Asker: 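The following block contains the structure, expressed as structure tokens.
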Amino acid sequence: MTDGQHERRRYFRVSDLVGMNDRFLSDGERDLALNAQPTSLKSVLSQIEEQVTVSLLALKNSQPDIYHILDLFNQKINLAFGHGVAGNEDQGAQGTRACRVNLSACGIAFPCPEAAQLNQYMVLELTLYPSNMRLQMVAAVISCEPADSESASDDAFLIRADFVNISDADQELLVQHVIKRQAIQLKERREQAQGGESGDA
């Protein structure tokens, strides 16, 4: 794959429902986060997940039944193990909420109950579905606007943020997740369109 193709894959975006826990960082926490090496147990697990994903995709067309079984096992393992990866299960579970976001491998847009300042830093813990893989990343706010007033949510603001100091493994995991979610959503839209045409007939 060329560098240009890889860059385009990084910028694919998708509207997605994720589990989310977010917190603004103090200046001291920001400096620690920016100086930290983007490697962790999660990054190692992300690398393994990436290898599993590549191997599964190789089986998807040639042996779909085996692919389906192994994919289910992979999701089961991620679900069982993912809750322990966060380090403090109770703390992570208490602040996690289901959130509709716009997600790419480089950044995120999400509703938030409080305003954020330009260049303010946040720590975001995302749970990706259906794999239940958890990612913890630092993000810098690039814009904060009033949310759609017609929304029933209590979130008054829409925050856009870029990921910073993200590991290559975590970024590739996001790329794979976004591509997979796009494929599923396109398939659902095609099926809905075909169903509508059948109904009209």
Side-chain angles (χ1 to χ4, degrees), residues 1-20 22 46 49-79 82 96-112 124-135 137 139 142-163 166 170-201:
M1 179 178 298
T2 66
D3 290 342
Q5 289 173 323
H6 186 263
E7 286 299 309
R8 286 195 294 273
R9 291 169 72 242
R10 290 176 61 218
Y11 287 99
F12 288 164
R13 287 189 168 273
V14 68
S15 177
D16 196 16
L17 184 68
V18 303
M20 185 165 178
D22 56 273
S46 297
E49 180 69 17
E50 179 185 347
Q51 294 173 10
V52 169
T53 299
V54 171
S55 298
L56 285 175
L57 289 175
L59 288 172
K60 187 172 184 180
N61 294 326
S62 61
Q63 302 183 63
D65 291 339
I66 294 178
Y67 162 81
H68 180 66
I69 293 171
L70 292 177
D71 189 44
L72 289 176
F73 270 116
N74 189 40
Q75 292 181 33
K76 182 179 179 181
I77 292 169
N78 286 338
L79 177 61
T96 299
R97 59 191 174 113
C99 187
R100 177 66 61 178
V101 304
N102 189 270
L103 182 66
S104 79
C106 300
I108 189 171
F110 62 96
C112 187
L124 305 175
E125 184 175 284
L126 304 180
T127 303
L128 306 179
Y129 302 126
S131 66
N132 287 289
M133 175 62 71
R134 285 189 181 183
L135 299 177
M137 295 169 292
I142 59 173
S143 74
C144 180
E145 305 167 354
D148 185 354
S149 59
E150 297 180 359
S151 173
S153 171
D154 293 332
D155 296 319
F157 300 94
L158 179 66
I159 291 177
R160 292 182 175 86
D162 286 342
F163 301 134
I166 182 173
D170 284 351
Q171 193 164 66
E172 182 61 24
L173 184 64
L174 283 172
V175 168
Q176 296 298 331
H177 174 78
V178 168
I179 291 174
K180 185 180 293 186
R181 294 300 299 157
Q182 282 183 330
I184 291 172
Q185 291 175 8
L186 286 172
K187 180 181 178 182
E188 290 174 347
R189 283 198 285 267
R190 283 196 301 267
E191 291 175 348
Q192 290 174 357
Q194 292 172 356
E197 291 173 359
S198 300
D200 293 339

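Source: prediction; values computed, not measured.
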Asker: Please identify each residue that fulfils side-chain hydrogen bond (donor to acceptor under 3.5 Å, both in side chains) with D16, with sequence neighbours left out.
Answerer: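 Result, side-chain hydrogen bond (donor to acceptor under 3.5 Å, both in side chains) vs D16: H177, R181.
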Asker: Counting C-beta onward and ignoring hydrogens, is there a side-chain heavy-atom pair between N102 and V14 closer than 4.5 Å?
Answerer: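 In short, these two side chains do not touch, never coming nearer than 4.5 Å.
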Asker: Examine distances only and state if a side-chain atom of E125 and a backbone atom of R134 form a donor-acceptor pair shorter than 3.5 Å.
Answerer: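 It does not hold such a pair.
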Asker: What distance do D71 atom CG and T53 atom OG1 have between them, rounded to the nearest 0.5 Å?
Answerer: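 Nearest 0.5 Å value for the CG-OG1 distance: 8.5 Å.
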Asker: Does any part of the side chain of L128, heavy atoms only, come nearer than 4.5 Å to the side chain of L103, both counted from C-beta?
Answerer: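 Heavy-atom side-chain distance check passes, below 4.5 Å.
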Asker: Short question: side chain of Q171, backbone of A105 - any donor-acceptor pair under 3.5 Å?
Answerer: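 Indeed, once roles are kept as given, a pair shorter than 3.5 Å links the two residues.
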Asker: Measure across V18 and L126 and return the closest heavy-atom pair with its distance rounded to 0.1 Å.
Answerer: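 That would be CG2-CD2, 4.4 Å.
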Asker: Thinking salt bridges, do D22 and R97 make one under a 4.0 Å N-O criterion?
Answerer: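 R97 and D22: salt-bridged.
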Asker: Kindly indicate whether the side chain of M20, heavy atoms from C-beta on, has any atom under 4.5 Å from the side chain of L124.
Answerer: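 When only atoms from C-beta onward are counted, L124 and M20 do touch, with a gap below 4.5 Å.
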Asker: May I ask you to test the V175-F12 pair for a side-chain heavy-atom distance under 4.5 Å?
Answerer: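 No. Closest side-chain heavy atoms not under 4.5 Å.
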Asker: With a 3.5 Å cut-off and no angle check, do the side chains of E188 and Q192 form a donor-acceptor pair?
Answerer: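 No, Q192 and E188 have no side-chain donor paired with an acceptor closer than 3.5 Å.
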Asker: Mind checking side-chain contact (heavy atoms from CB on, under 4.5 Å) for R100 and listing every partner two or more places apart, or none if nothing turns up?
Answerer: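 With neighbours one apart ignored, the set is S15, L17.
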